[in-house]
Every structure is written in structure tokens, then in C-alpha cells.
Colleague: 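Structure in C-alpha cells, see below.
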Protein chains: 2
Amino acid sequence: MENKEEKQLVGVKEIARRANVSTATVDRVLNNRSGVSAKTKERILEIVRELDYKPNIMARRLASRKTLAFAVLIPGVSEETGYWAAPLNGVNKASGELKDFGITVDTYFFDQNDKSSFIANASQILDRKYDGVVLAPMFEDESVAFIRECEASGIPFVFINSDIEDQHNLCYIGPDLFQSGYLAGHLMHYILRAGQKALIVNISKEMDLHHHLLRKEEGFRKYFSEKKQDVTLLKTDIRKTDYASIRSELHRILDEHQVDVIFVTNSRVSSVARFLEENSKTDILLAGYDFLDENIRFLKREVVDFLICQKPQEQGYRGVMALYETLVHQHSLPREQFMPIDIITKENYVYYQN
Amino acid sequence: MENKEEKQLVGVKEIARRANVSTATVDRVLNNRSGVSAKTKERILEIVRELDYKPNIMARRLASRKTLAFAVLIPGVSEETGYWAAPLNGVNKASGELKDFGITVDTYFFDQNDKSSFIANASQILDRKYDGVVLAPMFEDESVAFIRECEASGIPFVFINSDIEDQHNLCYIGPDLFQSGYLAGHLMHYILRAGQKALIVNISKEMDLHHHLLRKEEGFRKYFSEKKQDVTLLKTDIRKTDYASIRSELHRILDEHQVDVIFVTNSRVSSVARFLEENSKTDILLAGYDFLDENIRFLKREVVDFLICQKPQEQGYRGVMALYETLVHQHSLPREQFMPIDIITKENYVYYQN
DNA sequence: CTGAAAGCGCTTACAG
DNA sequence: CTGAAAGCGCTTACAG
């Protein structure tokens with residue numbers, strides 16, 4: 001009872017009463033605005049501590065006419081890949097939740113095959129003076145140029161989906177590429193016997209994106225070099241993404257070698273699945289990345305055995321939320337937030353969230 | 001610009017102005033309280049629609065001195081199993097987020113091996129007239145008796161972790177047991193060759209809990225009956241949970257049969273792992289359930305190969321949130337919310353969230 | 001059935 | 001450096 005009453009009273013008013021000042025002054029201290037004598041400030045802070053005062057966040061946002069605007073810069077959904085629909089979803093979800101709190105989120109899309117579209121969007125964002133930015137820094141040089149400008153303007157930014165090291169980003173939210181490749185190695189080793197062959201397939205046009213695939217390949221190789229050296233690892237880099245190119249390369253390599261498992265280092269696994277199906281080679285174990293419709297289709301038909309997925313939706317959601325937590329609640333966040341490495345199979349995909 | 005200004009104005013005041021009534025009357029309609037003439041009500045509703053008015057949830061909760069209290073009834077963390085620490089975590093997380101919104105959450109713990117403790121806690125909850133209840137309805141009869149009373153008092157309730165069919169629960173949030181067993185079958189079949197043997201191990205004392213294990217076993221069996229009939233499935237029910245009992249039973253069965261994989265249908269997999277390790281049988285593929293410290297320890301040492309986990313923390317979190325969504329936001333929720341079936345390995349456990 | 005007034009806990013000009 | 005007053009958008013008694 002005592003406790004309850006005490007709780008009721010703890011607010012700026014009570015603090016003001018105890019400190020013998022007005023609520024305006026308490027407010028100044030609480031929000032650490034200037035214009036309060038050191039003595040008064042200390043007195044108030046002391047009372048705050050004593051009372052273990054926690055501001056009512058709702059009253060705060062209600063009263064404050066302040067409004068924040070965030071910008072999100074990510075690839076658009078292309079017909080080539082639906083991947084970015086998921087992060088966008090997450091961004092929209094966060095945006096919906098934050099609307100009531102006076103925060104707006106604008107999204108800008110660039111073309112993964114066109115650096116200039118990244119640059120154009122970035123410069124628009126700079127013009128509009130946002131309070132925070134979430135971006136997928138796929139193009140390294142262009143991204144660095146952009147965030148230099150952000151820093152100059154004091155605009156905080158967070159990276160999602162891919163990272164650039166040693167930058168002043170608030171945090172990175174995305175996959176640990178190496179580790180996911182390593183996991184794929186583990187999953188596949190169960191089926192491989194001595195002397196059998198595994199094929200690694202990297203499919204991508206853009207050099208910047210190709211780097212990512214190589215990290216996964218490294219992880220995959222690492223597993224076998226550590227745990228199972230009696231299998232042969234083959235690899236192919238396919239630098240064109242149309243099906244005809246993929247088909248001819250797979251033909252070439254699979255005619256030459258008897259392969260038992262195939263690891264595709266990105267969402268392009270559906271093209272490989274199509275090839276295997278068309279050529280009645282579905283007995284080959286096939287694994288790849290991402291919860292996309294076309295991939296799930298092949299998973300259902302048991303052409304694809306596993307998909308690895310790293311919560312793309314959550315990356316978008318958390319990216320926006322990271323800005324919110326930092327700017328509104330002054331929380332500090334871990335610099336690196338690696339997503340879980342989820343394994344999707346025919347049996348669990350219906351329940352996958354994200 | 002136009003738009004913005006319009007947005008600014010939309011509030012109870014503007015609605016009241018347009019409808020030529022006071023804000024109190026608008027409030028009555030908005031919250032569907034009685035005491036408004038049908039005509040006035042319709043007029044106001046019309047304006048609300050026209051303006052696409054959305055109430056400011058923060059102002060609402062600030063002004064309303066109303067406060068809700070939820071009760072959560074789950075097993076306590078015992079030395080036998082740390083499983084319930086996770087749902088409790090989720091409950092606490094939700095509770096923290098909702099505190100600002102004037103919602104308190106009280107948690108009651110019962111003993112999984114003692115039905116009377118369930119009954120005692122349930123009756124306390126009933127006495128205290130909560131606005132909503134989250135419970136793990138492990139003991140079917142006792143749970144049904146309890147929720148009958150809740151219904152009589154008009155208290156909504158949600159089930160987590162296990163379900164009782166055909167009740168008037170708001171929703172069920174938890175695993176699909178059958179499907180997780182089926183998935184385990186899939187994971188293990190990769191390694192099994194014709195003529196090899198898989199052993200299913202069910203370890204539990206309480207009959208009510210044993211049912212759950214049997215559902216998982218059914219799923220597991222189903223996989224093999226559909227996809228791989230050339231392996232032999234052995235099984236054992238161990239109805240004592242101390243290590244000595246488990247050891248002697250495993251000794252018996254493994255001496256008799258040459259087993260290649262073992263599927264433990266709950267978190268007791270660590271006891272089996274201990275046995276395998278002590279008896280140098282770690283070459284047997286071992287899978288079980290739940291992200292618990294003791295299980296992870298064996299996962300790291302590669303004694304356990306896979307753990308299946310169904311986001312226990314999220315079950316607690318969502319259970320509480322389900323009440324909040326329903327009671328505060330009047331959202332309606334899907335009756336069944338199955339958790340994802342996560343596969344935990346040595347490679348991805350560090351990133352597992354939940 | 002309806003309204004005027006006060007209040008939720010905080011912030012914002014404005015005045016001194 | 002400080003305070004009185006008004007206000008954020010809603011709800012709550014109270015009076016009629």
C-alpha cells in the first residue's frame with residue numbers, strides 16, 4: 001500500500017515539489033538541456049536517483065511535438081530476386097509500430113545492378129536531412145562515401161544484411177556468412193562418404209556481391225578441411241545469372257564429374273534445382289539459401305533438401321528499431337547483431353516466420 | 001501539405017466539432033459505452049469513418065486510469081529441467097514492455113510432478129480476479145476445471161506450450177509435436193542405410209507429459225513409414241528420470257541391438273548423451289529437444305548432433321502479448337500459432353535467439 | 001442522453 | 001537561470 005502510493009506520486013511534479021523548483025526546471029535536467037545551475041541540477045538528480053524515477057514514455061511523446069524521420073536505403077525487389085521483399089516487410093512492420101510514436105520512415109530503393117542508382121538515392125537522402133539512416137551497404141566505395149556525409153551531418157546510420165568493417169555505424173545487423181557456410185558443410189557431411197564429391201556453386205554478376213558468396217564458400221571448405229578431408233570439393237563460379245548460362249555450366253561440370261551433393265551459395269539455388277529436375281538428377285543432395293517462393297517450390301518437391309535462411313525480415317525490422325532505441329531511448333546497442341542461421345526443410349518451412 | 005494539416009486536426013475534438021457534440025460523447029461512442037442516442041452515435045460513427053480516424057493509443061492509455069492485471073500459470077524451473085526458464089523469460093520481457101501501458105503481470109508456478117500445486121495456484125488466480133490468464137495446460141482435467149471457472153467469470157485465457165482441443169481459449173501458442181518428430185525423421189534418414197536401426201527414447205514420469213512424447217514419436221515413425229521403410233525402429237519408454245534408471249535401460253537395449261541413431265523425444269537427451277559418452281558410443285547419431293545448457297554442452301562436444309527447439313521464450317512472450325492485443329487493441333488472433341521448428345547444431349547455436 | 005471541466009505525466013514557448 | 005501557464009489527445013467523474 002505504502003509502496004503503491006509512493007509509485008503514484010513519482011513524477012516530475014513530485015520531483016519539482018521536493019526540489020523546490022518548477023516542473024520546467026525538472027524537465028530541463030531530465031532531458032539534459034542547458035540553463036540550469038549546477039547546484040539545482042545536482043539537487044534534482046539526487047532526488048531522481050533516490051526515487052528511482054522512470055519517466056513515462058507515453059506522456060513524454062504525447063507532450064513532445066518533436067517528430068523523427070528515418071530513411072532506409074535498400075535494393076528494390078527485382079524480378080531477378082524477391083529477397084528484398086522480406087527486409088522491406090520488416091521495415092514496414094517497424095514503421096507501423098513507430099507511427100504512434102511520431103516517427104516516420106521513408107524507404108529508398110536502388111538497383112543492385114546499378115551503382116549510380118545507389119548514389120542518386122543516397123544524395124536525395126542527404127538533402128532531406130533525416131534523423132537516422134538504415135542501409136544495405138552492398139557497394140562498398142559508394143556506401144563509404146555516403147556515410148562520410150552522414151557522419152559530417154551528425155546523422156547516425158546502421159548497416160543491415162552486409163557489413164563494412166571499421167566504420168562508425170551504430171551497429172551491423174545481418175548474417176555471419178562464413179559460419180553459415182560452415183553449417184552447410186556440417187549438414188552435408190552426414191551424407192558424404194569417403195571419396196565422394198561435393199560441388200560448390202557461386203552464381204552472381206556483381207563483383208561486390210560475389211565477395212559474399214566467397215565468404216560462405218570459405219566456411220564450407222573450412223568444415224571439410226577440419227572434419228572430413230576424404231571428400232573432394234569442386235567449385236564453379238557462374239558470372240551470368242540467366243538460366244541458359246547456368247545450365248550449360250552445370251552440364252559441363254556434371255558430365256565430367258560424378259557429384260553427390262551441391263551447395264549453392266545464394267538464393268540462385270532454384271536455378272540449379274530446375275536443372276537437376278530437368279535432367280533427372282534429383283538424387284543429388286542440394287542445399288542453398290533463402291526462403292523464396294521459387295526455392296520453397298523445389299523444397300516441397302524434394303529437389304532442394306535444405307535452405308539456409310537468416311531472417312531477412314527481422315534485419316529490416318531491427319535496423320529501424322535500432323535507430324529508435326538509440327535516438328529515443330538512448331539505449332546503446334551491441335555493435336554486431338548476427339542473425340540466427342535457420343535451417344529450412346520440407347517439414348518445417350510452413351512454420352518459418354520471416 | 002494539405003494532407004498534413006488534415007492529419008493534425010483529426011482527433012476527438014475535431015470529431016466533436018463536426019458532430020456538434022462534446023468530446024465526452026465522442027469518447028462514449030469510440031469506446032462503445034452506453035448512454036448515447038442511436039442518432040448521435042450514427043452521426044459520430046459516420047464522421048469517424050469519413051475521417052478514417054485512428055485513436056492515439058498513447059493519449060488513451062495516459063488518460064485512462066484503468067489498469068489491467070494478467071496472471072501466468074506455468075511450471076517452475078526445477079533442478080530436473082531448466083526448460084521453463086525460457087518461457088518465463090518471455091513472460092518477463094512482455095511484462096516489461098507492457099508496464100508503461102498500465103499492465104501488470106503476475107506469475108504463478110506449479111510443480112510438474114504435483115497436480116495439487118497446479119490446483120492451489122489456479123484457485124488463487126481465480127480469487128484475485130485477473131483480467132486475463134496465460135497457462136500451460138499440462139494437466140488436462142485440472143486445466144479444464146480451471147478454465148471453466150475462468151469462462152464463468154468472463155476471464156479470457158490462452159494456452160501455451162501444450163494444447164487442449166475444443167476449449168474456448170483465445171488461442172494456442174506452442175509447438176506442433178507431430179511435425180517436429182517428422183522433421184527429426186527427415187534429418188536422421190540421411191545417415192541411415194538399409195537395414196540399420198534407429199532407437200526412439202521416451203523419458204518421463206508423468207502420464208500427462210508422456211502423451212506429448214508419444215505425439216513426437218508418431219511423427220518420427222510416420223516419416224519412416226512414408227519414406228524409408230528399410231530401417232528398423234526400436235523404442236523404449238523409460239518411466240523414471242534418474243540417471244541410474246536411464247543408464248540401465250540403455251545398457252540393456254544397446255547391448256542387445258546395434259543402433260545407429262537415437263532420437264530422444266524431449267530435453268532428457270542430455271542423459272542419453274552422458275551415457276553414450278561414458279560408454280564410448282559417441283559415433284551413434286543423437287538428436288533430441290531443447291536449448292538447455294546441459295544439452296548444449298553435449299552439442300559442443302559433438303555427442304549430440306541436433307537439437308530441435310521451438311522458441312520457448314517466444315511462447316511466453318506471445319502468450320502475454322495475445323492477451324494485450326485482444327484486451328487493449330481488440331485485435332483478433334489466429335486460434336493456433338505454431339512455433340517454428342528450429343534445428344540447432346554445433347555451428348548455429350551461438351546465434352540462436354530464444 | 002449529454003456536456004463542462006479537470007486531469008493523465010510530460011514538454012513547450014514565453015516572460016522574466 | 002527559473003517559473004507560470006498552456007497544451008499533447010484522450011478519459012473520467014460529476015452534474016444536469
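Reminder, nothing fancy here: chain letters follow the sequence lines and each chain counts from 1.
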Colleague: Quickly work out the B:Arg61 CZ to C:dC10 P distance and round it to whole Å.
Modeller: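 Atom-to-atom, B:Arg61 to C:dC10, this comes out as 16 Å.
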
Colleague: As a test of reading the structure: which of D:dC10, C:dG9, C:dC10 is closest to the side chain of A:Tyr53, going by heavy atoms?
Modeller: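 Between D:dC10, C:dG9, C:dC10, the one nearest the side chain of A:Tyr53 would be C:dC10.
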
Colleague: Report the nucleotide, chosen from D:dC10, D:dT2, D:dA4, that has the shortest atom-to-atom distance to any side-chain atom of A:Thr40.
Modeller: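 Among D:dC10, D:dT2, D:dA4, the one nearest the side chain of A:Thr40 is D:dT2.
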
Colleague: Would you kindly give the CE-to-P distance between B:Met58 and C:dC8, to the nearest whole Å?
Modeller: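 Spelled out: CE on B:Met58 to P on C:dC8 is 18 Å.
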
Colleague: State which of D:dT12, D:dC8, D:dC10 makes the closest approach to the side chain of B:Arg33.
Modeller: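 Nearest listed nucleotide: D:dT12.
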
Colleague: Relative to the ring of A:Phe118, is the ring of A:Phe146 parallel (under 30°), tilted (30 to 60°) or perpendicular (over 60°)?
Modeller: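 Perpendicular, since the angle between the ring planes exceeds 60°.
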
Colleague: Roughly how far apart are B:Leu170 CG and B:Phe157 CZ, rounded to 0.5 Å?
Modeller: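 Atom-to-atom, B:Leu170:CG and B:Phe157:CZ are 8.5 Å apart.
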
Colleague: Write down the distance between CZ (A:Phe101) and C1' (D:dC8), rounded to a whole number of angstrom.
Modeller: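 Taking atom C1' of D:dC8 as the reference, CZ of A:Phe101 is at 15 Å.
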
Colleague: Rounded to whole Å, how long is the line connecting atom CZ of B:Arg17 with atom C1' of C:dT2?
Modeller: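 Atom-to-atom, B:Arg17 to C:dT2, this comes out as 19 Å.
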
Colleague: How close or far is atom P of C:dC10 from atom CG of A:Leu62, stated in whole angstroms?
Modeller: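 Checked: the CG to P distance equals 12 Å.
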
Colleague: Is any side-chain N or O of A:Ser34 closer than 4.0 Å to OP1 or OP2 of D:dC1?
Modeller: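 For A:Ser34, the contact criterion (side-chain N or O under 4.0 Å from OP1 or OP2 of D:dC1) is not met.
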
Colleague: Between D:dT12, D:dG9, C:dC1, spot the one nearest the side chain of B:Lys66, thanks.
Modeller: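 Nearest to the side-chain atoms of B:Lys66, counting from C-beta on, is D:dT12.
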
Colleague: Measure CD/A:Glu14 against P/C:dC10 and give the value in whole Å, please.
Modeller: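 Between P of C:dC10 and CD of A:Glu14: 11 Å.
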
Colleague: Looking only at the side chain of A:Ala63 (C-beta and beyond, no hydrogens), which of the listed nucleotides C:dA13, C:dG9, D:dC10 gets closest?
Modeller: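 Closest of the options to the side chain of A:Ala63: C:dG9.
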
Colleague: Considering only side-chain heavy atoms of B:Thr25, which listed nucleotide, C:dC10, C:dG3, D:dC10, is closest?
Modeller: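 That would be C:dG3.
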
Colleague: Given atom CG of A:Asn56 and atom C1' of C:dG7, what is their separation to the nearest angstrom?
Modeller: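 Spelled out: CG on A:Asn56 to C1' on C:dG7 is 14 Å.
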
Colleague: Under a 3.5 Å limit for both distances, which nucleotide forms a Watson-Crick or G-U wobble pair with D:dC1, could you say?
Modeller: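 Base partner found: C:dG16.
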
Colleague: Would you mind telling me which of D:dC10, C:dG9, D:dT2 lies closest to the side-chain atoms of A:Ser37?
Modeller: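 Within the option list, the nearest is D:dT2.
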
Colleague: Can you tell me if B:Ser22 touches the phosphate of C:dA4, counting only side-chain N or O atoms and a distance under 4.0 Å to OP1 or OP2?
Modeller: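 No, outside the criterion.
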
Colleague: Taking only side-chain nitrogens and oxygens of B:Ser64, does any of them come within less than 4.0 Å of OP1 or OP2 of D:dT12?
Modeller: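 Looking at the OP1 and OP2 atoms of D:dT12, one of them is under 4.0 Å from a side-chain N or O of B:Ser64.
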
Colleague: Rounded to the nearest angstrom, tell me the gap between atom CG in A:Asn31 and atom C1' in C:dG9.
Modeller: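 It is 13 Å, rounded to the nearest whole Å.
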
Colleague: Judged by modelled atom types alone, do A:Tyr317 and A:Glu97 share a side-chain donor-acceptor pair under 3.5 Å?
Modeller: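 On atom types as modelled, these side chains qualify, holding a pair under 3.5 Å.
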
Colleague: Judged by each residue's nearest nucleotide on DNA chain C, which is more toward the 5′ side, B:Gly35 or A:Leu30?
Modeller: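 Looking at DNA chain C, the more 5' nearest nucleotide goes with B:Gly35.
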
Colleague: Taking the inter-plane angle between the rings of A:Phe338 and B:Tyr351 on a 0 to 90° scale, is it parallel (under 30°), tilted (30 to 60°) or perpendicular (over 60°)?
Modeller: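 Judged by the thresholds at 30° and 60°, the geometry between A:Phe338 and B:Tyr351 is tilted.
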
Colleague: Let me spell it out: for each of A:Thr23 and A:Lys41, pick the nucleotide of DNA chain D with the closest heavy atom. Which residue's pick is nearer the 5' end?
Modeller: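 It is A:Lys41, whose closest nucleotide lies nearer the 5' terminus.
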
Colleague: To the side chain of B:Arg28, which of D:dG3, D:dC14, D:dG9 is closest?
Modeller: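 For B:Arg28, the side-chain atoms sit closest to D:dC14.
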
Colleague: Between A:Arg148 and A:Glu151, does at least one N-O distance fall below 4.0 Å, as a salt bridge requires?
Modeller: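 Looking at A:Glu151 together with A:Arg148, the answer is yes, because their closest N to O distance falls below 4.0 Å.
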
Colleague: Are B:Glu42 and B:Arg49 close enough for a salt bridge, meaning some N to O gap below 4.0 Å?
Modeller: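 A salt bridge links B:Glu42 with B:Arg49.
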
Colleague: Answer yes or no: does a side-chain N or O of B:Lys13 lie under 4.0 Å from OP1 or OP2 of D:dC8?
Modeller: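 Answer is yes, contact under 4.0 Å.
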
Colleague: Scan B:Val21 against the nucleic acid and name what it touches under 4.0 Å (heavy atoms): base, sugar-phosphate only, or nothing.
Modeller: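 Counting heavy atoms under 4.0 Å across all strands, the contact made by B:Val21 is with sugar-phosphate only.
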
